[in-house]
Structure formats: C-alpha cells, structure tokens
Colleague: 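To start, I am sharing the structure in question, which I have written as structure tokens.
Numbers restart at 1 for each chain; the letters A, B, ... are given by sequence-line order, proteins then strands. We use all heavy atoms of the structure for the numbers below, so side chains are in, but hydrogens, waters and symmetry mates are not.
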Amino acid sequence: MEGGSGYNSVPSSTSSDKSRVLDVKPLRSLKPVFSNTPQGSPFVCAPPNGPFPPGFTPFYPFSVQQGSQSSPDLNHQSPSSMQTPVGHMPAPLRSFRSSQPPEFQGAFNGDAGNDDGYSGGKKRAGPHLRGPNSYQKKKNKSALSVVASKGAGASFVVDISPLLRDDGNREVYNLVLMRFDAIRRRLSQIEDAKERSTGIRRADLKAGNILMSKGIRTNMRRRIGALPGLEIGDIFFFRLEMCVVGLHAQSMGGIDYMVLKDDMEEEPVALSIVSSEGYDDDAEDGNVLIYSGQGGNFGKKDKQASDQKLERGNLALERSFRRGNDIRVVRGIKDSVNPSSKIYVYDGLYKIQESWTESKSGCNIFKYKFVRLPGQPGAFSVWKSIQKWKEGFSSRAGLILPDLTSGAENTPVALVNDVDEEKGPAYFTYFPTLKYSKSFNLAQPSFGCNCRNACQPGDPNCSCVTKNGGDFPYTTNGILVSRKPLIYECGPTCPCFPNCKNRVSQMPLKIHLEVFKTTDRGWGLRSWDPIRAGTFICEYAGEVIDKAKVKPGGEDGENDEFVFDTTRVYDSFKWNYEPGLLDEERSNDSDENYEIPSPLIISAKNVGNVARFMNHSCSPNVFWQPVLYEHNNQSFLHIAFFAIRHVPPMTELTFDYGVVRTNEAEGNITLNRKKKCLCGSSNCRGYFV
DNA sequence: GTTATCTCACTAAT
DNA sequence: CATTAGTGAGATAA
C-alpha cells in the first residue's frame, strides 16, 4: 500500500464532519428485519418476504456480547459507537456521499481538502480526471527507469539506478518485491509442471539469486535504524525478500550487523534481528522481546551443545546495547494458511535494555531484552489484537455486526465503525456470486476437461490446462502466477474433483475481511488476515447488466453507482515475471498489454458481495482478472480480485476504478464530473469521476 | 575460499 | 486428514 500502512490510516484529527453524510432516500428498499432480542439482531440484507436467491441464507442468527472492554491500540476508537448495542441498530438509511447527484458530489469532494486517504466516497464508479498527457508526465517523473520495448520478444528491462540501490524509496521497494514474487511464482509454476520433480524446490532462493545478481535490489547501503521505503507493519513471506530490500541481509542468520570503524577501533554493531520463536524467545508483551544469542549448537543434532561466545552477532548486540543504538526488529509468526512456513512482520525499532547470560543444559547462552521505541505505529501488536478478535468479537471496538453477510459466506465479514456514528452502509442484498439474468455466451463453446482426479499442472491431456496456454494458472497453493487476458478454470461440470486446483476463484471466501468506515471515503474493505501477493480475494458479485441499458453520462447519478465495467480504460501495469530475467524463458506469454476479451458490466447496487465496498486508489493493492468457466454447458465470465502485493492486516484493500470511455472513436476522455481523489499515493491522478 | 546460520519445502510419522 | 518432527540443499556476508 502506498500511502502508509493501514494501521495509521485513521487520522487523529476530527476531520470527519457528519453533517456531510447526508440522508438519502432508501434504495428500493430492502428493509432490515430485526428481532427484539436484546442479545443482538441479525442484519438481513434481503427482501423480507423473499424470494431469496439460491444459496442465499436469509436468516442467520448469531449472538454477540454487548459492549467491549479492551480496545486495541491501533485505532482511535469512538467510545460511543463502541457502546452501542449491536442489536439495536436504528433503521434509518444513511448512504454514501456518492449517492448524491453528480454536481453535488463534485462540490463536496472538491472542498473536502483532505489528502490522506483513498478515493472519495463509497464505491461510485467513474473515471479519474486525467488526460493522456498528464499521465505521461507522471510516468516520466518516475525515479525508476523502466524501459519497455514492445517488440517480438516484448522484453521488459527494469533497471535500478545505483543511487536507488543504495538508498531506496517506497516505489523501488514495491518494485523490487513485486519482481521477486513474479519470478518466484513463475519458477514455482515451472516446477509444479515438472513430473516427479526430484530435489527440494526452492523458488524463493532462485528468485533471490536472480535479483541479487541483476542488481534488482535496494537499500544495499547498510545502516542503523529506519530504512527509506520500508514501513512498520510491512510483511514478508520469505527471508530473501528481506534481503533484497535491505531490511535484513542474512538469508538464514537471525542477527545482522556491520562493523563500524571508529578511529583505530573496529566495532560490530547490530542492524536487525529476526525473532522466529525458534529459541525460547519471550513474546509475551508486544513491546518487549527477549532474544537469545546465536551459536552454541542448541537444537542441532550431531553437535555437542557448548557455551555461546561473545563474538559475531552476540558481540554486535552487546555493543549496540552499550551504545544505545536502535535495532530493527522482525517478528516471525506462524502462517495460519500454511503452517509450515512463517510470515515476517517488520515491527519497527527497538533498543536493548538489558543483557545477561543464562544457563541451558549446562551451557551459557546470551539473552537480550529488546524494548520497542515509543511512538511507532502498531505492527506486531495489531496481529495480537486480531487474534483476540477472532477468539471473541466482543473485544473488537466499534463493531456493528459480526457478519454482515448473515452467513452467506463461509467466513464472517465484520462491519465496524470506529470513527463516527454511522451505523452501516445503505441496504443491499448480500449475494456471494455473480448473477446472470440471461445467458451470456462467449463466441466459442467451451468444454470441460476429462480429468478423473484433480487436474495436474503440465498435463497435456487436460483441456482446461491447454486452454490456459499449457500453464496451470495457479501454483499448488492457489496463488495466481500471471495476469492474462482470460483465465480458464474448471467449472462445475468438469468431472475432476472439486478440490482441483484450477477452481481458485470459485472457492468460498477464505480471507477474514471487515467492512469499515473510513474517515473520508465512506465505507471500505480491509482484512484481518495477512494477504500474500497473488492471493485470490473475492469476485465482483452482482447483477450482469446490458451495456445498452447503461447511460454513458449517468444522468440520474445512480446508474453507475456500484458498477464494475471492463470496458473502461485502465492503466497498464506490470505484475508478471520478466521473461528476460529467466534464462530459459524468452516467450511473450507474460505480456500484460492485452485487450479484455469480452465486455462485462456488473451492478452491485442492489445485489453484491464484499467487493462492492472496495474503494479506488491510484496505487491499488488489488487488481481484477477475468476468469471464465462453464456451468450448464455455457461459459460465463467472472471478475476475480487478486492481491498485487503482500497486504498487511488492517490495510485497506483498493483497486483501480478505471476511466469511463465516452468518446471511443478518438480515444479522448471526456469528463463530466469531477471528484477529488483521496488516494494519497505519489502517483495519484488527482481526480476521478 | 570457508564458515555459520532463528530457512523452507518435502517426507514421514502421529 | 491436520499437525509435527526430521532432513538436506543452499544463500549471504563475515
């Protein structure tokens, strides 16, 4: 995420002016049904008398304890909203600013004057104000030299200047990590397709190697303290990711240090540590960490345990302690999605407050007490808070509903407001998938595969794999490898097992999301879980509508409300691997300059899922991808959202809303309404409509 | 060149 | 089948 981690996305100022959130006429009104039980009432997003769409659960009771005690430290909670009994939500329909007529919207957002957030208002769909020229300027301003040569090979050469290799910024940081993961995903894909691959598959090591050797890295200049481009709360899924951005240069070692040369003396000082809970590090308090020294052969087989020596990392920690130096701390946390691996969280700067030795099975080990510097945004502490929320909703301050889907999704989606008094978005029917009112057939009829079990990557006999160009679109753990014009998934009529890995976007909601009130952009969407780059988040659910029925100008101001439209103009961006960086690979199948194969317009105004709450950003962390699969012998197009990069918990999820094309013949973009974009990113286009 | 290291993915065991 | 323990090839910087 560009403009800062999500933890501090709630400004301390009281900038939210409630008088501006106007009451709006109810949408054709899905009146809520409330029971009178004091315990809590279900929030039913459906017409009370039906008909209920198939798969829709009209009533899903749950119980919530009222009130809450401990408020997590990451947000500035509003005590009053916190105490509001969950079950007694008033019925009034408050809606988003975006529900205003266009003229009003423009005026409103124009004087908002707040620049610290994402797009204005709720999801209102519309283009950003920017002509082709302004876009060019932005591109050229980039500190990176990205040379894209469109030719036979379509090779992208990404070069990072020596200056940026030494000292990074957020842009380079994101680019390096994106390149790392793109290569790693592709290497995994290649390995997956190999039959009986012997040996250990370490795509992370290979990817790291490539980046290191090509100089695609940043913050190589080793330094004590904060790193430019790095934000507290940033997460990593591999140790090598921390190497390539200069956070922690050791690929395995827990202590990174450098030697300072003072006059005549040389002295090692610590730069960063990784606490992986491998030793008996004490992580009781989120602000204190007891860290063990290195060496001594503890826990290793075939090695005799011995005393740890005051050398290397241990000496560096000791010296840093004496000097009172800051040390970067990374916390390794077990990944609940993939318990065999870890997620690394950058938890900011600590100082060593104390050091001593302890005896373990007769041998001495060093211990260091790390204390977190005050005034830093929460990172590890956020993870701990979320853990509590999952154990019991009562600890979540500002909670309005534990599950706004009323059980329509497998995973509950909390509705939270800890910034003002608004009790929820305008009513709509929650429905987890896309609804086609009439058959929507692509030109070519498609047939499913004939696989008996699960479709195998690299299987030439699987027609679904073949349709994807021979590559399996996802890695074995369900991560999307590359963006493509279209991804073909196995559908309900494919005979392969339901657990076939080629059904990623049809899986029920796995990520624990919450809909929350932003300070200046209406309601937004964020996640309690860390999200790895390439992870499927959700599809854009809603009703497929005819293009002919959509008025281009949106006369009544409601037509393009909550509309997703593939025919808009979207910025191209690079997410896939670069063929030039992979020795064996020279194909152009990672090219991302393609046309969307088929137009699709979805309205989520009356019916929709969590995707309708995602706001716009000019530097989004989520992108959409067309996916095709068949049911009832017909192919249907869907829009699936995937994470562009790793997204830390509680960071708002955003995607690029695109620009409405009003004059297709000349490619000019005519703007009829302006809204100031509040995405706050460095390459913000300024406005969107 | 050699060494130490709070890895990571696979396999086997429960 | 979910979790765990064992194990080995490896990358980086000292």
Side-chain angles (χ1 to χ4, degrees), chain A residues 180 183-185 187-188 191-192 194 196-215 217 219-222 236-261 266-283 289-306 308-309 311-317 319 327-345 347 360 365-368 370 454 475-477 479 497 499 532:
Chain A
F180 174 91
I183 295 169
R184 191 200 58 78
R185 291 191 308 266
L187 291 170
S188 295
E191 283 299 321
D192 286 349
K194 281 184 187 162
R196 285 250 136 255
S197 63
T198 50
I200 294 165
R201 299 155 37 169
R202 291 294 300 267
D204 59 316
L205 297 184
K206 280 188 201 166
N209 223 335
I210 291 171
L211 261 58
M212 292 286 203
S213 64
K214 306 274 183 186
R217 53 188 299 187
N219 286 322
M220 284 180 75
R221 193 169 67 77
R222 299 161 71 69
F236 306 87
F237 287 76
F238 298 94
R239 290 285 298 257
L240 279 176
E241 289 181 318
M242 297 190 280
C243 294
V244 293
V245 297
L247 168 55
H248 188 84
Q250 304 295 325
S251 62
M252 292 176 85
I255 306 167
D256 194 15
Y257 62 97
M258 68 185 288
V259 176
L260 283 187
K261 285 166 185 159
E266 291 194 352
E267 189 169 60
V269 288
L271 302 177
S272 54
I273 59 156
V274 176
S275 167
S276 291
E277 293 163 337
Y279 290 48
D280 39 9
D281 299 343
D282 188 353
L289 172 67
I290 309 298
Y291 194 77
S292 305
Q294 61 184 193
N297 296 325
F298 293 98
K300 286 186 189 161
K301 70 163 196 129
D302 298 342
K303 293 243 181 166
Q304 186 62 40
S306 58
Q308 289 185 342
K309 296 184 186 114
E311 57 181 25
R312 296 168 166 275
N314 298 341
L315 182 60
L317 289 178
R319 292 287 186 261
I327 299 169
R328 298 187 294 267
V329 168
V330 176
R331 306 257 195 171
I333 301 170
K334 196 168 82 169
D335 182 1
S336 56
V337 176
N338 186 5
S340 68
S341 62
K342 287 194 187 91
I343 300 174
Y344 299 97
V345 183
D347 199 32
K360 185 183 179 182
I365 51 173
F366 293 101
K367 290 276 185 175
Y368 303 89
F370 282 72
T475 61
T476 43
N477 49 3
I479 301 277
F497 280 8
N499 64 348
R532 187 168 168 173

Colleague: Base, sugar-phosphate, or nothing for A:D256, non-hydrogen atoms under 4.0 angstrom?
Modeller: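 Counting heavy atoms under 4.0 Å across all strands, no contact is made by A:D256.
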
Colleague: To the nearest Å, give me how far apart CE (A:M212) and P (C:dG10) are.
Modeller: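 These atoms are roughly 17 Å apart.
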
Colleague: B:dT7 P sits how many Å from A:F236 CZ, rounded?
Modeller: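 These atoms are roughly 16 Å apart.
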
Colleague: Base, sugar-phosphate or nothing for A:R239? Non-hydrogen atoms, less than 4.0 Å.
Modeller: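 The residue A:R239 makes sugar-phosphate contact but no base contact.
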
Colleague: Please state whether the phosphate of B:dC10, meaning OP1 or OP2, lies under 4.0 angstrom from any side-chain nitrogen or oxygen of A:R201.
Modeller: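 Yes, A:R201 has a side-chain N/O under 4.0 Å of OP1/OP2 on B:dC10.
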
Colleague: For the pair made of NZ in A:K360 and P in B:dC6, what is the distance, rounded to whole Å?
Modeller: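 Distance, rounded to whole Å: 12 Å.
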
Colleague: Heavy atoms from C-beta onward define the side chain here; which of B:dA9, C:dA14, C:dG10 lies closest to that of A:Y257?
Modeller: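 Of all the options, the side chain of A:Y257 is nearest to C:dA14.
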
Colleague: So among A:R222, A:R312, A:R328, which one has a salt bridge (charged side-chain N to carboxylate O under 4.0 Å, His left out) with A:D256?
Modeller: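 Checked A:R222, A:R312, A:R328 against A:D256; only one passes salt bridge (charged side-chain N to carboxylate O under 4.0 Å, His left out): A:R222.
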
Colleague: Polar-atom pairs under 3.5 Å, protein N or O versus N or O of nucleotides 2-5 of chain C: list them with distances, or write none.
Modeller:
unit_1 : atom_1 : unit_2 : atom_2 : d
C:dT4  : OP2    : A:K334 : NZ     : 3.4

Colleague: Do A:Y344 and A:S276 touch side chain to side chain, with heavy atoms closer than 4.5 Å?
Modeller: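 Yes, side chains in contact.
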
Colleague: For the pair made of CD in A:Q308 and C1' in B:dT5, what is the distance, rounded to whole Å?
Modeller: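 These atoms are roughly 12 Å apart.
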
Colleague: Tell me what A:G295 touches on the nucleic acid: a base, only sugar-phosphate, or nothing, going by heavy atoms under 4.0 Å.
Modeller: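 Contact class for A:G295: sugar-phosphate only.
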
Colleague: Can you work out whether A:S341 or A:G296 has the more 5'-proximal nearest nucleotide on DNA chain B?
Modeller: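 Taking each residue's closest nucleotide, the earlier one in sequence belongs to A:G296.
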
Colleague: Heavy-atom distance under 4.5 Å between the side chains of A:S292 and A:K367, does that happen here?
Modeller: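 Heavy-atom side-chain distance check passes, below 4.5 Å.
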
Colleague: Could you check if a side-chain atom of A:F237 sits within less than 4.5 angstrom of a side-chain atom of A:I343, using non-hydrogen atoms only?
Modeller: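 In short, these two side chains touch, coming nearer than 4.5 Å.
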
Colleague: Report yes or no: is the ring centroid of A:F237 under 5.5 Å from the six-membered base ring centroid of B:dC8, with the two planes under 30 degrees?
Modeller: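 Not stacked by the 5.5 Å and 30° rule.
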
Colleague: Taking atom P of B:dT7 as reference, at what distance in whole Å does atom CE of A:M242 sit?
Modeller: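 The answer, rounded to whole Å, is 10 Å.
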
Colleague: With no hydrogens and no angle check, is any side-chain donor or acceptor of A:Y368 less than 3.5 Å from a backbone partner on A:L289?
Modeller: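 The answer is no, because no donor-acceptor pair under 3.5 Å joins these two groups.
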
Colleague: What is the distance from NZ of A:K342 to P of B:dC6, rounded to the nearest Å?
Modeller: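 Answer to the nearest Å: 11 Å.
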
Colleague: What's the CD1-P distance between A:I210 and C:dG10, to the nearest Å?
Modeller: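 Spelled out: CD1 on A:I210 to P on C:dG10 is 15 Å.
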
Colleague: Using both distances under 3.5 Å as the test, list the Watson-Crick or G-U wobble partner of B:dA4, or none.
Modeller: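 Its partner is C:dT12 (Watson-Crick or G-U wobble, both distances under 3.5 Å).
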
Colleague: Check whether any side-chain nitrogen or oxygen of A:Y368 sits under 4.0 Å from OP1 or OP2 of B:dC6, and answer yes or no.
Modeller: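 No, no such contact exists.
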
Colleague: Of A:R202 and A:Q250, whose closest DNA chain C nucleotide lies nearer the 5' terminus?
Modeller: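 With A:Q250 and A:R202 compared, the 5'-side residue is A:R202.
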
Colleague: Taking the side chain as every heavy atom from C-beta outward, state whether A:I327 and A:L317 have any pair of such atoms under 4.5 Å apart.
Modeller: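 In short, these two side chains touch, coming nearer than 4.5 Å.
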
Colleague: Among C:dA13, B:dT5, B:dA9, which nucleotide has an atom closest to any side-chain atom of A:F238?
Modeller: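 Looking only at side-chain atoms, A:F238 lies closest to B:dA9.
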
Colleague: Side chain of A:S251, heavy atoms from C-beta onward: which of B:dT7, B:dC6, C:dT12 has the nearest atom to it?
Modeller: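 Closest of the options to the side chain of A:S251: C:dT12.
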
Colleague: Can you see if the side chain of A:R222 gets near the phosphate of C:dA14 - specifically, an N or O under 4.0 Å from OP1 or OP2?
Modeller: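 Yes, such a contact exists.
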
Colleague: Hey, are the side chains of A:V245 and A:F236 touching, using non-hydrogen atoms and a 4.5 Å cut-off?
Modeller: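 Heavy-atom side-chain distance check passes, below 4.5 Å.
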
Colleague: Could you tell me whether A:E241 and A:R184 have a side-chain N and a carboxylate O separated by less than 4.0 Å?
Modeller: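 Between A:R184 and A:E241 there is no salt bridge, as every charged N stays at least 4.0 Å from the carboxylate O atoms.
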
Colleague: State which of C:dT12, B:dC6, B:dC8 makes the closest approach to the side chain of A:S276.
Modeller: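 Within the option list, the nearest is B:dC6.
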
Colleague: May I have the distance from A:M252 (atom CE) to B:dT2 (atom P), rounded to whole angstrom?
Modeller: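 In whole Å, B:dT2 P lies 19 Å from A:M252 CE.
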
